[in-house]
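Okay, structure first, notes after.
Numbers for residues simply follow the sequence, beginning at 1. Heavy atoms only: backbone and side chains are in, while hydrogens, waters and symmetry mates are out. Predicted, not measured: the structure shown is a model, and the values here were computed from it.
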Amino acid sequence: MPLQITTNWRWKMSPHHVFWLKVFIHSVSLFFIGQLVYLTLSGGLGADPVEGISHYTGKAALNTLLFTLSISPVAKLLRAGMLVRVRRLLGLYCFFWAALHLGGYIALDLNFNWSLVINEIVSRPYLTLGAVSWTILFALAVTSPQGIQRRMGKRWQKLHNWVYVAAILIPIHYIWSVKSGLFEPIMYIFVTLGLLALRYNRFAKGFAARFTPIRVK
């Protein structure tokens with residue numbers, strides 16, 4: 001029987017709390033963007049600044065994705081439903097970092113050589129996983145506005161469930177891309193699996209609904 005954590009305490013959130021939480025998310029994100037700029041200009045990214053930028057932006061995208069996935073379990077634990085209102089903002093910042101990650105690779109590593117970009121993605125499996133993950137994040141970002149959600153209806157939720165695929169592929173992309181120091185990417189995989197395990201019941205219900213035979217009376 002899966003372990004369930006329950007609490008009688010409830011965090012009574014209001015729109016005011018949501019506003020300031022979003023301000024905090026913007027502030028933290030802008031801090032790390034400023035840190036990236038500072039480290040780039042000051043030579044603080046090591047002997048290979050291109051690799052340093054790639055590593056920084058990739059980890060920022062992965063960390064933000066994990067924070068995004070943690071919102072629903074935390075909201076359920078604290079019984080603070082309004083907390084999910086910051087999930088879209090975190091998701092957009094995740095795509096922002098992923099866009100910087102890909103853009104830096106195309107601009108700094110491959111010098112906008114598009115034929116080489118395609119060849120690299122096709123020939124290197126870890127880049128293939130990264131490209132698939134980026135495509136998923138792109139699709140989620142462009143369909144996140146409420147107007148698009150309403151027009152898509154139930155299809156919107158089906159599309160956004162692909163975030164779980166990206167959450168699995170990105171840590172694999174990370175561990176496949178490093179040459180040494182595997183401890184950190186392996187820990188990311190365990191954290192991701194832990195967050196997905198919290199959604200086990202949801203996945204089980206979804207599969208049961210799909211594969212339960214229809215009884216004809």
Can you name the side-chain contact (heavy atoms from CB on, under 4.5 Å) partners of V191, sequence neighbours left out?
L66, L195

Exercise: identify the closest heavy-atom pair between I168 and P171
O-CD, 3.4 Å

Can you tell me which residue pairs pass the salt bridge (charged side-chain N to carboxylate O under 4.0 Å, His left out) test with a partner in residues 130-142, sequence neighbours excluded?
none

For the pair L83 and L21, evaluate side chain to side chain contact (heavy atoms under 4.5 Å, CB included) and give the outcome as yes or no after the intermediate values.
CA-CA 9 Å; L83 187 60; L21 187 54; 3.5 Å; yes

Hydrophobic cluster of F183, others only, ordered by chain and residue number, side-chain cut-off 4.5 Å
M187

Please name the pair of heavy atoms, one in P73 and one in L69, separated by the smallest distance, quoted to 0.1 Å.
CD-O, 3.2 Å

With rounding to the nearest 0.5 Å, note down the distance linking CG in L129 to OG in S177.
10.0 Å

Assess whether side chain to side chain contact (heavy atoms under 4.5 Å, CB included) is satisfied between F32 and V28, documenting all intermediate values.
CA-CA 6 Å; F32 284 110; V28 172; 3.5 Å; yes

Straight-line distance of E51 CD to L45 CG, nearest 0.5 Å:
10.5 Å

Could you pull out the closest heavy-atom pair between L137 and A166, with the gap in Å?
CD2-CB, 4.4 Å

So P125 and W176, do their side chains get closer than 4.5 Å, heavy atoms only?
yes

Any ring pair (Phe, Tyr, Trp, His ring centres under 6.0 Å) involving residues 117-143? Give me the pairs, sequence neighbours left out, ordered by first then second residue.
F95-W134, F95-F138, Y126-H173, W134-F138

Residue set satisfying side-chain contact (heavy atoms from CB on, under 4.5 Å) with I175, at least two apart, ordered chain then number -> L182, P185, I186, I189

Mind checking side-chain hydrogen bond (donor to acceptor under 3.5 Å, both in side chains) for W20 and listing every partner two or more places apart, or none if nothing turns up?
H16

Joint hydrophobic cluster, L110 plus F112, side-chain heavy atoms closer than 4.5 Å:
yes

If a pair satisfies side chain to side chain donor-acceptor pair (under 3.5 Å) and one of its residues is in residues 25-50, list it, with sequence neighbours excluded.
H26-Y93, Q35-Y56

Shortest non-hydrogen contact from R87 to S72?
NH1-OG, 2.5 Å

Any salt bridge (charged side-chain N to carboxylate O under 4.0 Å, His left out) involving residues 95-124? Give me the pairs, sequence neighbours left out, ordered by first then second residue.
E120-R124

Side-chain polar contacts of residues 140-148 - donor-acceptor pairs under 3.5 angstrom, sequence neighbours left out - could you list them?
unit_1: T143; atom_1: OG1; unit_2: A139; atom_2: O; d: 2.7
unit_1: T143; atom_1: OG1; unit_2: L140; atom_2: O; d: 3.4
unit_1: T143; atom_1: OG1; unit_2: H160; atom_2: NE2; d: 3.0
unit_1: S144; atom_1: OG; unit_2: A141; atom_2: O; d: 2.7

What residues form a side-chain contact (heavy atoms from CB on, under 4.5 Å) with A60, not counting sequence neighbours?
W97

Sequence-distant partners of K59, side-chain contact (heavy atoms from CB on, under 4.5 Å), two or more places apart
H55, N63, Y174, E184, Y188

In this structure, CG of L127 is separated from CD1 of I118 (nearest 0.5 Å) by 13.0 Å

Nearest 0.5 angstrom please: I71 CD1 to L90 CG, how far?
5.5 Å

Does anything in residues 130-140 form a salt bridge (charged side-chain N to carboxylate O under 4.0 Å, His left out)? List the pairs, not counting sequence neighbours.
none

Is there a path of hydrophobic side-chain contacts, each under 4.5 Å between heavy atoms of I/L/V/M/F/W/Y residues, joining L159 to L92?
no

Where do C94 and A61 come nearest, in terms of heavy atoms and distance?
SG-O, 3.4 Å

Are there more than 12 heavy atoms of other residues, nucleotides or ligands under 6.0 Å from atom CH2 of W162?
no

Should F96 and I33 count as side-chain neighbours, where that means a heavy-atom distance under 4.5 Å?
yes

Atom CD in Q149, atom CD in Q157: separation rounded to 0.5 Å?
9.0 Å

Could you give the distance from CG (L102) to OG (S133), rounded to the nearest 0.5 Å?
11.5 Å

In terms of hydrophobic clusters joined by side-chain contacts under 4.5 Å, are I25 and F31 together?
yes

Steps toward side chain to side chain contact (heavy atoms under 4.5 Å, CB included) verdict (V163, L65):
CA-CA 9 Å; V163 68; L65 177 61; 3.7 Å; yes

Between T135 (side chain) and A131 (backbone), is there a donor-acceptor pair under 3.5 Å?
yes

Same cluster for F24 and V74 if Ile/Leu/Val/Met/Phe/Trp/Tyr side chains link at under 4.5 Å?
yes

S70 side chain vs F67 backbone, donor-acceptor pair below 3.5 Å
yes

Same hydrophobic cluster for V86 and L30, using side-chain heavy-atom links shorter than 4.5 Å among ILVMFWY?
yes

